[in-house]
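Below you'll find the structure, written out as structure tokens, and then a few comments.
Naming: A, B, ... by sequence-line order, numbering from 1 per chain.
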2 protein chains.
Amino acid sequence: MASKADYVYRDSSGRRLIDYPRPSVAVDTALLTLAPGDDTLSVLQVKRGGERGWALPGTFLHERERLMEAVLRSLRDKAGVRGLRPRQLHVYDDPVRDDRGWVLSVAHVMVVPASLLMTRSSTTRLMPVDGPGQMPYGHGDIIAMAVADARRRYQELPDPDGLLPDRFTVLELRQVHAAVVGRDLQKDTFRRAMDPHLIGTGEMTSGTRGRPAELFQRR
Amino acid sequence: MASKADYVYRDSSGRRLIDYPRPSVAVDTALLTLAPGDDTLSVLQVKRGGERGWALPGTFLHERERLMEAVLRSLRDKAGVRGLRPRQLHVYDDPVRDDRGWVLSVAHVMVVPASLLMTRSSTTRLMPVDGPGQMPYGHGDIIAMAVADARRRYQELPDPDGLLPDRFTVLELRQVHAAVVGRDLQKDTFRRAMDPHLIGTGEMTSGTRGRPAELFQRR
DNA sequence: CTAATAGTGTCTATCAGACACTATTAG
DNA sequence: CTAATAGTGTCTGATAGACACTATTAG
């Protein structure tokens, strides 16, 4: 183990400085989504260089960059997605989790509309969160924590991450929540729980089977 | 702004490497406690070098050290406390929050027994969380987030951080929770809410005013 | 008409909050 | 005895879950 004295330097004016070796810092983001017609959550994966296979989109933090900037940069460059606002989740700090060296990873999470992730390049894919395949860098753990975080937040408020568009029916909202929390939700109980957090627009759907539904917005 | 090419190097075998400048990584910990006879939360501060005054105990991460190791090291060296297990809270990443350079801070939080912090050296002090004084490095924000986190967790379970000893009365538990959440709690409602998470020991207090109280443990 | 979906009335079991009561100790 | 604290019975209002009912559309 290195002692403190190993890292003591002097600057040009002779002032005593201590500078320890620094870790690389990465950001990795679990973008969770609901493929059309699907009723379980999927996670976006991107193809990484080398033989590392599929992983979460991520990048190394650049000099004096904010974590959120790095997250948005990685999503733009690796997944072609813009305009998101992921939440910071947890720092993964096992010094051997990355075989390229000593790398801290700041994990992020957001639930997003599937339409944003439908660029369908050969370097991105969606995989179910309960079977995402083998992943490097401990990304499986990040996905598990991301899903748990999303479940907790979707228990409380209507679509807090904005997976749905501005206006939506209660059925659409319920289907999203059922997919996130991983079980069916009763329509009457669900509606009453969400009602205080919704604003009715007075506008109705049309052209659908059955009685038209009102469109709502988040309060 | 630097371009990616600025950071491309070759190792001894000519393999292409990219290495961006790395941030220093620090850990800072909000140790919240309840001074005897007090009914509001306090936070531990330590005297920092230079004219920076009172701040949260923290340290820089050493090479390949785990964040938790660094946290425990800083609490041992700067506050003389051992055996704690703080929770990771949030990464503060404003590149100008620390005038010594580019430093990420991983904030931690735990609620601890006041007896552990009573070393009473001239380099530590306890300050109320709602008026901790001016603090450097954005530590005021960390305290606010730490208190919010502790409040949320103490709403759900009895003394999750273990501020109390192994066995305690419901009154002691209620006083702790009232201090953490910042308001009085009714004794009957509180007892019924905590009851499913407690195990009675059958042992009773004695020598106190009034009827003896049973001692409980966490389930 | 029937099928399908939207939305609501209502019953029940549970629970938080509030109040009051009993229980047990010190002095 | 009184004062103080522990612990519980019980009422009430709110709410989640469940079921059933009405409402409104397509075809």
Side-chain angles (χ1 to χ4, degrees), chain A residues 34 36-39 151-159 164-219, chain B residues 34 36-39 151-159 164-219:
Chain A
L34 199 52
D38 201 350
D39 60 351
R151 289 207 166 133
R152 192 173 40 70
R153 290 182 296 110
Y154 270 75
Q155 306 268 17
E156 295 186 6
L157 286 175
D159 191 24
L164 290 170
D166 259 13
R167 285 130 61 110
F168 47 82
T169 67
V170 176
L171 174 60
E172 290 163 342
L173 183 66
R174 179 157 58 93
Q175 286 169 338
V176 165
H177 279 244
V180 172
V181 305
R183 62 186 166 85
D184 283 352
L185 300 170
Q186 275 193 215
K187 72 167 184 174
D188 46 6
T189 304
F190 179 78
R191 167 180 283 267
R192 287 174 176 125
M194 289 297 132
D195 193 64
H197 307 110
L198 297 176
I199 306 175
T201 65
E203 274 197 83
M204 313 295 283
T205 59
S206 69
T208 62
R209 272 310 277 282
R211 173 172 166 180
E214 186 170 3
L215 292 169
F216 292 85
Q217 298 179 316
R218 290 172 209 80
R219 182 172 295 277
Chain B
L34 198 53
D38 202 351
D39 60 351
R151 288 207 166 135
R152 192 172 40 70
R153 291 181 295 111
Y154 271 75
Q155 306 268 17
E156 295 187 6
L157 286 174
D159 191 23
L164 290 169
D166 261 12
R167 286 129 60 110
F168 46 83
T169 67
V170 177
L171 174 60
E172 290 163 343
L173 183 65
R174 180 159 56 94
Q175 286 170 339
V176 164
H177 279 244
V180 172
V181 305
R183 61 185 166 85
D184 282 352
L185 300 170
Q186 275 193 214
K187 71 168 184 173
D188 46 7
T189 304
F190 179 78
R191 166 180 285 267
R192 286 173 177 125
M194 289 298 133
D195 194 64
H197 307 111
L198 296 176
I199 307 176
T201 64
E203 273 196 84
M204 312 296 282
T205 59
S206 69
T208 61
R209 273 308 280 279
R211 174 172 165 180
E214 186 170 3
L215 292 169
F216 292 85
Q217 296 179 318
R218 289 172 210 82
R219 182 170 295 277

Distance check needed: [N] [atom2] versus [X] [atom1], whole Å only.
X: A:Q175; N: C:dA6; atom1: CD; atom2: C1'; value: 13 Å
X: A:D195; N: D:dA14; atom1: CG; atom2: P; value: 17 Å
X: B:R191; N: C:dC15; atom1: CZ; atom2: C1'; value: 18 Å
X: A:E172; N: C:dG7; atom1: CD; atom2: P; value: 11 Å
X: B:L185; N: C:dA18; atom1: CG; atom2: P; value: 11 Å
X: B:F190; N: D:dT8; atom1: CZ; atom2: C1'; value: 17 Å
X: B:D188; N: D:dG9; atom1: CG; atom2: P; value: 12 Å
X: A:D184; N: D:dA18; atom1: CG; atom2: P; value: 12 Å

(message) Ignoring hydrogens, what is the shortest heavy-atom contact between A:A178 and A:D184? Give both atom names and the distance.
(response)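 That would be CB-CA, 4.4 Å.
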(request) For residues A:F168 and A:Q175, determine if any side-chain heavy atom of one lies less than 4.5 Å from a side-chain heavy atom of the other. (result)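 A side-chain contact under 4.5 Å is absent here.
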(message) Quick one, A:V170 and A:F216 - any side-chain contact, counting heavy atoms below 4.5 Å?
(response) yes
So does [Y] get a backbone contact from the side chain of [X], meaning a donor-acceptor N/O pair under 3.5 Å?
X: B:E214; Y: B:G202; result: yes
X: B:R174; Y: B:L185; result: yes
X: A:T169; Y: A:L215; result: no
X: B:R218; Y: B:D159; result: yes

(message) Among C:dG7, D:dA6, D:dT8, which nucleotide has an atom closest to any side-chain atom of A:V170?
(response) C:dG7
(request) Looking only at side-chain atoms of A:A213, point me to the closest of C:dG7, C:dG17, C:dC19. (result)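 Minimum distance to the A:A213 side chain belongs to C:dG7.
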(message) Could you work out, with salt bridge (charged side-chain N to carboxylate O under 4.0 Å, His left out) as the rule, every residue matching A:R219, not counting sequence neighbours?
(response)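 Salt bridge (charged side-chain N to carboxylate O under 4.0 Å, His left out) list for A:R219, sorted by chain: empty.
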(request) Compare side-chain N and O positions of B:Q186 against OP1 and OP2 of C:dA18 and report whether any pair is under 4.0 Å apart. (result)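 Yes, because at least one side-chain N or O of B:Q186 sits under 4.0 Å from OP1 or OP2 of C:dA18.
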(message) Just verifying a value: how many Å separate B:R192 CZ and B:K187 NZ, rounded to the nearest 0.5 Å?
(response)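 If we round to the nearest 0.5 Å, B:R192:CZ and B:K187:NZ are 10.5 Å apart.
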(message) Would the base of D:dG9 count as contacting B:R192 through its side chain, where contact means a donor and an acceptor less than 3.5 Å apart?
(response)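 For B:R192, whose side chain was compared with the base of D:dG9, there is a donor-acceptor pair (under 3.5 Å).
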(message) Just to be sure I follow the notation: if a pair is Watson-Crick (purine N1 to pyrimidine N3 plus N6-O4 or O6-N4) or a G-U wobble (N1-O2 and O6-N3), each under 3.5 Å, what dot-bracket string does DNA chain C give, with | for pairs to another strand?
(response) |||||||||||||||||||||||||||
Tabulated below should be each protein N or O lying under 3.5 Å from an N or O of nucleotides 21-25 of chain D; please produce it.
residue, atom, partner, partner atom, Å
D:dA23, O4', A:R211, NH1, 3.2
D:dA23, N3, A:R211, NH1, 3.3
D:dT24, O2, A:R211, N, 3.2

